[in-house]
Amino acid sequence: MIRVRSTSACLLRMQHLGHPTLLVGPAPSRIFARGMARTSSGQRDRPSRLMLSTRVADRKQKPSTGGLNVRQAGLTPPRPFRDTGRSDSNTRPSRQDSQDRKTKPSFKHMKMAQSLFPVSWAQRANTGAKIENWGSFNDFDLLPSIKEAVSNKALGDLTTIQPTAVQKLVIPVLTGMGLKARQKTVFEGRFESFLIAAETGSGKTLAYLIPTMNYLKREEEIPLEKKFSKEEEEARSLTKRLEMEQQLFDLEVPTVENTDVNGKPRAVILVPTSELVNQVGAVIKSMSHIAKLRSALISRDFSGRVIRNRLFFSPIDILVSTPHLLSSLAENDPRILSNCSHIIVDEADSLFDRSFSPITSAIISRAEGLKRLILCSATIPKSLDRSLRKLYPDMQRLVTPHLHAIPRRVQLSIVDIDADPYRGNKLLACADNLHKLAKDDTEEGFIKKVIVFVNERETTAEVASYLRFRGFDAASLERDTSDRKDASVLDYFTGPKTAVGPEVKAMDRMAVLVTTDIASRGVDTKTVKNIVLYDVPFSTVDFIHRLGRTGRMGRRGQAVILVDKNTNKAWVKDIKKAMFLGGPLI
Ligand SMILES: Nc1ncnc2c1ncn2[C@@H]1O[C@H](COP(=O)(O)OP(=O)(O)OP(=O)(O)O)[C@@H](O)[C@H]1O
């Protein structure tokens, strides 16, 4: 005899008793699905010939068939971002969420060394949806001259011009299109403050530059009498008279006609290195030509005379400087910041770290007429987050959905130098991997530009000279090398691709730059495809910045990291796994 599960809802005729096989009702379909009937002893018998009723799909009531008899799959549409972590809703986590959490890699070792401020999935998803509204620079409330400066100068070499995610997020807010009521209230009393945080190579420079230039141009349109009240006007003319009197005794500051604005920029951009002064300054200069704004760059690369001439002989709208230089100038002459309405701190995680923070903060506090403080960074380390919450509790954070993620188009290989054939010889491992890169068939017809990052300044010269000994065209760049003075070294790596004939040997088709973190932040090495991490970076923050020199603005990239017995290999593996999944590092 055949025993059937849940016989209550069905009629069965069993063939071996001589009756035709007929099954009506839902329960036996499970048996049918299995395709086998079971004997009372639980053993499989011959294949069942039980069949479903032809009317079974027409049933009105919900069948108890586990959803087999339906004509349409009852699948829920996928969510744009998986919110499996903490969320801002009060609902309990679903069974799916807890299952996801079990199957998701835990990144245990990255968590142990956690240095980055965590951005919730809910926040990322929310921003992702917001930026979808903007498709082109024409959608923004920008002056025609600024739009022209973007399309003809800043991005003039592109055929299709579209704002990037960070530009879609930042420009509407800073041009007042997405200003929230909260910021408007803050504006009455104190200056507005913003933190722009987006992936490396995502176009943050233009994200803060476009709205700032737009603001300065719009201000020029306001008639003077509307800008200042009667009392303010009187105070200004008194200050002007006193300044002119003082200048009679001051040999440093030249007496020129328009002393009201000379040496008093309306916007100041602070960057950590003189290389970045030149890079950001070049973008501003090119746009200023069309936007009709006056800009000046100052850094320790220029002599005192050049700096004085640039600052005091003509009016300035935008000044780009390193904090140390501007701070010492402002100490001598506090009037420098008296006309400043905008301060932008690029690479804010550097300029608010322990060594820079007092100087940066002092500059900000000297600008008494400040209207906007804009901080910009590719990473938000926990330490930066803490100090900003203390210093600027009202700061608005503009964070892109992929912050702290290394794009999947950048691939990471791990090389253990303790294993054969290197047996602990790191220099050999570096040279050998460069050799492999030189011989692969990528970047045909062009010089392969590779950046090798080391942790210590002293190591740069050692590695570069070893590579030269092994036949590579290698230069070193760190704070004190003479190569650094020769700006052409960096220009070569930030410049366009260099074409080369097929007759040139593989080794001669490669140029190597050995450097420290001095070239890891902000430097726009957009044609560099390969990075070698000779030393394991001290933190995930440094890792993101170093790898950020490749794979910029949608390009592909490769990185090799050399590890040894002292490396926390599990941490490196966690990072590689996170990169493979395309998620943020922690
Ligand atoms: N909308 C755009 N479309 C195409 N390219 C762009 C766009 N905006 C900027 N770029 C280019 O992208 C490159 C990287 O921009 P930028 O240096 O501003 O990146 P970043 O986000 O500041 O990077 P990092 O964090 O490394 O400083 C530049 O060469 C810039 O000209």
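As the structure lists them, so they are numbered: ligands from 1, and atoms in each ligand from 1. Residues take their numbers from the sequence shown, with the count starting at 1. These numbers come from a predicted model, not from an experiment.
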**Prompt:** Is the closest heavy-atom distance from Gly201 to ligand 1 below 4.0 Å?
**Reply:** yes
Would Glu199 count as a contact of ligand 1 if the rule is a heavy atom under 4.0 Å away? yes
Quick look: Ile161 vs ligand 1, heavy-atom contacts under 4.0 Å, and the answer is neither
Counting neighbours of CD on Gln411 that are heavy atoms of other residues, nucleotides or ligands and sit closer than 6.0 Å, is the number greater than 12? no
*Is there a heavy atom in Ser202 that sits closer than 4.0 Å to ligand 1?*
yes
With heavy atoms and a 4.0 Å threshold, my read on which part of Thr205 contacts ligand 1 is both
Residue, atom and distance of the protein heavy atom nearest atom 12 (O) of ligand 1 read Met553 CE, 3.1 Å
The protein heavy atom nearest to atom 19 (O) of ligand 1 is Gly203 N, 3.3 Å
Heavy-atom proximity to atom 1 (N) of ligand 1, picking from Gln162, Arg555, Gln279, points to Gln162
Paired with Glu192, the side-chain hydrogen bond (donor to acceptor under 3.5 Å, both in side chains) test is passed by just one of Lys371, Arg372, Gln396, namely Arg372
Here the atoms of ligand 1 under 4.0 Å from any heavy atom belonging to Glu347 are 27 (O)
Given the options Thr164, Thr379, Thr400, Glu199 meets side-chain hydrogen bond (donor to acceptor under 3.5 Å, both in side chains) only with Thr400
